[in-house]
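A short write-up of the structure that comes next.
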Protein chains: 2
Amino acid sequence: MTFSVFVPPQADDGTALPVVWYLSGLTCTHANVTDKGEYRRACAELGLIFVVPDTSPRGEGVPDDPDGAYDFGLGAGFYVDASQAPFDRHYRMYSYLADELPEVVASVFPIDRDRQGITGHSMGGHGALTIALRNPSRFRSCSAFAPMVAPSQVPWGQKALTGYLGANPQGWRAHDAVALIEDGARLPDLLVDQGGADTFLAEQLRPELLADACRAAGIPLTLRMQQGYDHSYYFISTFMADHLAWHAERLRR
Amino acid sequence: MTFSVFVPPQADDGTALPVVWYLSGLTCTHANVTDKGEYRRACAELGLIFVVPDTSPRGEGVPDDPDGAYDFGLGAGFYVDASQAPFDRHYRMYSYLADELPEVVASVFPIDRDRQGITGHSMGGHGALTIALRNPSRFRSCSAFAPMVAPSQVPWGQKALTGYLGANPQGWRAHDAVALIEDGARLPDLLVDQGGADTFLAEQLRPELLADACRAAGIPLTLRMQQGYDHSYYFISTFMADHLAWHAERLRR
């Protein structure tokens, strides 16, 4: 597994620093946001370590979508531990992010485990929301760019969760941010940016479902509709510094 | 020919704005800096239009390096008008940048032709320097990232200038920044950033030759050796905002 890490100059003296995890969307590797995310200046100013995992297992012997579709299999791990063959052997992205990768990163880089935030884009926004909701003691801050907020209710998510977890939607609720909130999970607050010209907005992303769930649960949600912006890294990079400032504020000692 | 243009919000009311031309290096298209250059925030703050051309002609029937090498032919136009067959028909990047593209851009975007700056990277730094030196009335500001300053004296340049312009080095001097300065061309001043860990530094770039020529000619050169930085877009994007501020200062009304 490949991942990228940015370590700001504040760590030069060995100081342990807060960390923001960034989870990418469908088709991405660690490289997309690393090249195009425009996070380094803000992380260097704010003293944040920025870690970017891949979006699926890789390598020979890792099964892919039988038709090679972009929205399942390689590049589309959906941040779950698959229970369905043949994916159950390699597709364990939830455990990778919840357990394995934090150990690896902490063994090499000076992260302060008491100060962790998480964000992501699209499928990675889904990952950030669900992992934060399921691990409230680990993450002090959570935000997302154009997240898929309710995979159980949209085509991308229904295909993926069926393929990885089986056909029973009850089994999907632990990997669906809106369902998790309905079932009692909580976050202290949440920042979401969504492009108004995002072609996936109405069918796959549906931020209004998150707004409804947060309202019912009393979770303070800042949902910003950014008119004219699409689903691309031009959108993400434009608002990246805002998100990092949001995280830094919540990750102060 | 494909190019990209960023127009900042200051142009929303139709105001003509200063423009910075960015010329890319070997193998690049317009997309590299457009995706990875981190120029939009600074251009939006400073009110600069940013234009990025391609690095060579493209399309069926355009001849390439006979061996498909990365440093000649497609992606490697060197910003000259070729005189040697079969390149003389299509490889006219100097005229494209000096004459054709400015007309196209000015017909569509609100650029103020009295306020133009130019910059570039590596082969594109060579292009920026030589085009600015040859057109002092058009460009008020010039900078470069890791430029090839004396193509006549380095392997990349000798191969390309031979192939495009013929074997006589006298014919290369109009496309060699150091030779142009030796022959009397002048710039008001110049900013160059160079990575200290750039693997092309000693053999292909040789900024000390530019420093010597500027010193002899009395051209104020700010040459910054940035220790630890390589030849990549991580280097360029780190110092992009500095360069744009340099240009903006010189492009004020």
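By convention in this document, chain letters (A, B, ...) are assigned in the order of the sequence lines, proteins followed by strands, and residues within each chain are numbered from 1.
Remark: of the listed residues Arg40(B), Lys36(B), Glu38(B), Arg40(B) is the sole one forming a side-chain hydrogen bond (donor to acceptor under 3.5 Å, both in side chains) with Ser237(A).
In this structure, no portion of Ala44(B) lies under 4.5 Å from any heavy atom of chain A. Ser232(B) does not touch chain A: none of its heavy atoms, backbone or side chain, sits under 4.5 Å away.
Remark: Tyr229(A) OH is loosely packed, at most 12 non-hydrogen atoms of other residues, nucleotides or ligands lying under 6.0 Å away.
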